[in-house]
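For reference, the structure is listed below as structure tokens.
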Protein chains: 2
Amino acid sequence: MPFTYEYPRPAVTVDCVVFGLDQGVLQLLLIKRNSPPFAGCWALPGGFVDQNETLDAAARRELEEETGLREVFLEQLFTFGDPGRDPRGHTVSVAYYALVRQDRHVPQAATDTSDAVWYSVAKLPKLAFDHQRIISTAVARLQGKVRYQPINFELLPRKFTLTELQGVYEAVLERALDKRNFRKKILAMGLLAETKEKQQGVAHRAPQLYQFDAAKYKKLTKQGFNFEL
Amino acid sequence: MPFTYEYPRPAVTVDCVVFGLDQGVLQLLLIKRNSPPFAGCWALPGGFVDQNETLDAAARRELEEETGLREVFLEQLFTFGDPGRDPRGHTVSVAYYALVRQDRHVPQAATDTSDAVWYSVAKLPKLAFDHQRIISTAVARLQGKVRYQPINFELLPRKFTLTELQGVYEAVLERALDKRNFRKKILAMGLLAETKEKQQGVAHRAPQLYQFDAAKYKKLTKQGFNFEL
DNA sequence: GAGTCTTAGTGTACAGTACACACTAATAGG
DNA sequence: CCTATTAGTGTGTACTGTACACTAAGACTC
């Protein structure tokens, strides 16, 4: 026991707000709790931080254990530590938010042991602990972040059309955007590379597929560029 | 003991990055450590979170205990939890940043028991733990925040001149601003109220004193206004 | 293969904002 | 009263944000 500590310690957990996108609607991945407290309630995936584990690692570990998701975009959100938030005792939760590509949406079948289900952000069930508050914080953060950092690509398959991308922005920001202006701005950033492909199997003019140029983004970021929408 | 926990728990601490302003230079409040580890080193004020104490309360308590400062602007910054950051064992630190009014700069004499000293942000001594990293994060956050939230008032006395305010922005952003454009923008926000006073005892035209209209700020914020500089 | 349906893709004009820039006004001190 | 010092003010120009409507292309139907 490395510390001598005069009071009982608060415990440390991580919780992940996982955003996905289905049919242009912003979704959240929730877990059904099996054990008390809040047994039977829906909750964010998460759990205790192990000794000698970074917070990021704990978040990724819990995410994989409970949902099967790996190698997603993951960023620290905020830390919630009110004494009353867990009826078992004082628990400090470091919250993360994650963005998951549509083509990697793990369907329920793939995570058969756990009850991980996607819910539309607009229609969430009653949640355990203070998870509703954590989600509200995450939504606000996402809306703020999207304005000056191109993270919405993380919610789409690697190749996507501009209309799809606009849909993501609209879903996140909860308002309509002008098509022509959106295209102008997003292309002006210079972070999108045309692929040689067009989308197949649509009953109308086939749209161009683009992909996000991560290398260029890294380079421009280092030079202190801003990517305001 | 409310939890059964299979591993030894990481401990939870808070650390405060306290910004002040002296002669137009951005300053940081540091504490000299008396005990190991890092005895004799400079460090951020902070300490363990008590059971059944909110994180905010812990930060305020530690700040007052170690520096005498009360009722300052205080906001959560980021949580640092790398296992190696404290040689005694795994410690998760919830970092805060605070802004202190110039007229409330507690001089060293007022905190006679502790060694709290203001250092220019540009010339910091070697610091304990990962506190240098925490400070870098705080500076970046402050620079970002200042662009869209009027928090710089927190660094000035209640009544201040526009030139002083401009100086704060310049100190934080580390670049010069145009006087006329700055005045236009900052007055256009509508958050400054002229006082009936002018600054006394200056060997030149006496400048108008202003104060921040907190009520108006609250009202406009609720209406979703932006305060970009 | 002509016609229809549906979404892709494109340009311009106007308003508002950002930015560069230089002189007069007022006060204290000598 | 003269000097030194900072306060305080307006305009023109470039750029950026925004509103807005039509043609292009592919798939399916008959």
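A note on names: the letters A, B, ... follow the listed sequences, proteins ahead of strands, and every chain is numbered from 1.
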Quick one: side-chain hydrogen bond (donor to acceptor under 3.5 Å, both in side chains) partners of [X], sequence neighbours excluded?
| X | value |
| --- | --- |
| Tyr96(B) | Asp56(B) |
| Arg61(B) | Glu53(B), Glu65(B) |
| Gln166(A) | Glu170(A) |
| Asp15(B) | Ser93(B) |

>> For Lys185(B), give me all partners under salt bridge (charged side-chain N to carboxylate O under 4.0 Å, His left out), at least two apart in sequence or on another chain.
In response: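 Testing Lys185(B) for salt bridge (charged side-chain N to carboxylate O under 4.0 Å, His left out), a comparison that skips the adjacent residues, returns none.
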> Who are the salt bridge (charged side-chain N to carboxylate O under 4.0 Å, His left out) partners of Glu75(B), not counting sequence neighbours?
Replying inline: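 Once residues adjacent in sequence are excluded, the partners of Glu75(B) under the salt bridge (charged side-chain N to carboxylate O under 4.0 Å, His left out) criterion are Lys145(B).
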>> Need two values: the first and the last nucleotide of DNA chain D, 5' to 3', having an atom under 4.0 Å from any heavy-atom of chain A.
In response: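 For DNA chain D, the relevant span reads dT18(D) to dA27(D).
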>> Short of 4.0 Å, heavy atom to strand atom, which residues of residues 176-186 of chain B count as contacting DNA chain C?
In response: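 Within residues 176-186 of chain B, the residues near DNA chain C are Asp178(B), Arg180(B), Asn181(B), Lys184(B), Lys185(B).
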> Listed in order of residue number, which residues of residues 195-210 of chain B have a non-hydrogen atom at under 4.0 Å from DNA chain C?
Replying inline: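 When residues 195-210 of chain B is checked for heavy atoms under 4.0 Å from DNA chain C, the hits, listed by number, are Val202(B), Ala203(B), His204(B), Arg205(B), Ala206(B).
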> Can you list every ring-ring contact (aromatic ring centres under 6.0 Å, His included) pair that touches residues 132-155 of chain B, not counting sequence neighbours?
Replying inline: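 Output for this query lists Phe153(B)-Phe160(B), Phe153(B)-Phe212(B).
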> Between Leu142(A) and Ile151(A), what is the shortest heavy-atom contact and its length?
Replying inline: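 Heavy atoms of Leu142(A) and Ile151(A) come nearest at CD1-CD1, 3.8 Å.
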> Any side-chain hydrogen bond (donor to acceptor under 3.5 Å, both in side chains) pairs touching residues 192-208 of chain A, not counting sequence neighbours?
Replying inline: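 Sorted pair list: Lys159(A)-Glu197(A).
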Contacts under 3.5 angstrom, residues 214-229 of chain A side chains, donor-acceptor by atom type, not counting sequence neighbours:
residue, atom, partner, partner atom, Å
Thr221(A), OG1, Tyr217(A), O, 2.6

>> Regarding Thr163(A), tell me which of base, sugar-phosphate or nothing describes its non-hydrogen contacts under 4.0 Å with the strands shown.
In response: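 Counting heavy atoms under 4.0 Å across all strands, the contact made by Thr163(A) is with sugar-phosphate only.
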